[in-house]
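First comes the structure, then the notes that go with it.
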Amino acid sequence: MQQQLTDVRERMIVALDFSTMDEVKKCLEPLSGHIRYVKVGMELAYAEGPAIVSYLKEQGLKVFVDLKVHDIPNTAKGAMKSLARLGADMVNVHAAGGVAMMAAAREGLELGTAAGAARPLLIGVTMLTSTGMQTMNQELAIPGSVEDVVVHYAMMTKQAGLDGVVASPLEVPMIKQAAGESFVTVTPGIRPLGTDQGDQTRITTPEQAFRLGSDYLVIGRAITGAKDPAGVWQSIVAAVEADRA
Ligand code: C5P
């Protein structure tokens with residue numbers, strides 16, 4: 001299904017990491033008519049509630065509601081039912097919740113999706129990119145390398161019937177090799193050439209991320225923090241299209 005999205009603008013998700021509707025409106029103003037897909041994280045969702053999703057949908061945008069659900073299967077199922085009713089296009093859970101929780105989440109999502117409407121994409125978060133090998137081995141008591149655990153979590157996610165995972169673009173080739181080309185990858189950690197790395201470590205440019213096989217890119221501050229957000233957006237689209245030509 002994802003491979004049908006030939007327009008790269010449908011595959012670049014702008015992270016709206018703000019806490020008020022006013023900030024969102026200010027951010028969207030110059031980007032209106034350019035961007036197609038946005039991400040609402042915990043900061044914005046907890047501050048503005050479901051109204052923010054309705055507002056963004058009314059603007060004609062697709063919405064990834066990034067709440068990283070992680071709870072007992074029955075609660076995860078209920079959470080997904082509510083999220084589907086909000087009209088989200090993409091939602092996620094922590095793969096660490098296990099196969100039963102992820103399968104229940106998918107069931108909830110199907111129950112909440114209106115008849116005839118497309119079910120939101122359901123994505124698993126593998127190992128958070130902020131978790132390094134030492135933290136994973138010593139604090140979480142999970143042995144092995146982060147890469148092996150990411151692939152293991154991706155396979156669990158697939159087994160539970162989810163559509164794909166959130167991962168670093170650098171992990172995409174091994175995930176696709178293990179789980180198949182059609183298994184969706186959503187990748188943050190994107191930095192166009194010349195932009196500030198910030199707190200991200202395993203970063204790539206948008207062109208590299210698509211070349212590595214990412215299906216969706218999540219881009220935040222490089223666009224939302226720019227003096228000319230529409231200009232940055234257009235230069236990213238141009239660079240990606242030139243790279244794919
Ligand atoms: O500003 P920046 O491009 O770094 O924003 C990346 C977005 O992706 C943020 O909303 C962040 O919460 C999210 N994210 C991430 N790493 C993950 C999962 C989500 O950076 N592993």
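Not measured: the values here are computed from a predicted model. Ligands are counted one by one from 1 in listed order, and the atoms in each one are counted from 1 as well.
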Does [X], backbone or side chain, put an N or O under 3.5 Å from an N or O of ligand 1?
X    : value
R191 : yes
G220 : yes
K68  : no

Problem - Salt bridge present between E29 and K25 (N-O < 4.0 angstrom) - result: no
Practice task
May I ask you to say whether K176 pairs ionically with D215, meaning some side-chain N is under 4.0 Å from a carboxylate O?
Solution key: yes
Anything under 3.5 Å between a donor and an acceptor, one on a side chain of residues 204-211, the other on a protein residue two or more places apart or in another chain? List them.
from, atom 1, to, atom 2, distance (Å)
T205, OG1, Q208, N, 3.1
T205, OG1, Q208, OE1, 3.3
Q208, OE1, T205, N, 2.9
R211, NE, D243, OD2, 3.0
R211, NH2, D243, OD1, 3.0
R211, NH2, D243, OD2, 3.4

Would you mind running through ligand 1 and noting each atom that sits below 4.0 Å from a heavy atom of [X]?
X    : value
V218 : 7 (C), 8 (O)
T129 : 16 (N), 17 (C), 21 (N)
R221 : 1 (O), 2 (P), 3 (O), 4 (O)

Handout entry: Aromatic ring proximity Y216/F64, centre distance under 6.0 Å
Key =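 Judged by ring-centre distance (under 6.0 Å), Y216 and F64 do not meet the cut-off.
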For residues 161-168, which side-chain donor-acceptor pairs fall under 3.5 Å, sequence neighbours excluded?
from, atom 1, to, atom 2, distance (Å)
D163, OD1, R119, NH2, 3.1
D163, OD2, R119, NH1, 3.1
D163, OD2, R119, NH2, 3.4
D163, OD2, L122, N, 2.7
S168, OG, L170, N, 3.1

Practice task
Check D17 against ligand 1 and report side chain, backbone, both or neither, counting heavy atoms closer than 4.0 Å.
Solution key: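 Within the 4.0 Å criterion, D17 contacts ligand 1 through side-chain atoms alone.
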Handout entry: Separation of I175 CD1 from T126 OG1 (nearest 0.5 Å)
Key = 6.0 Å
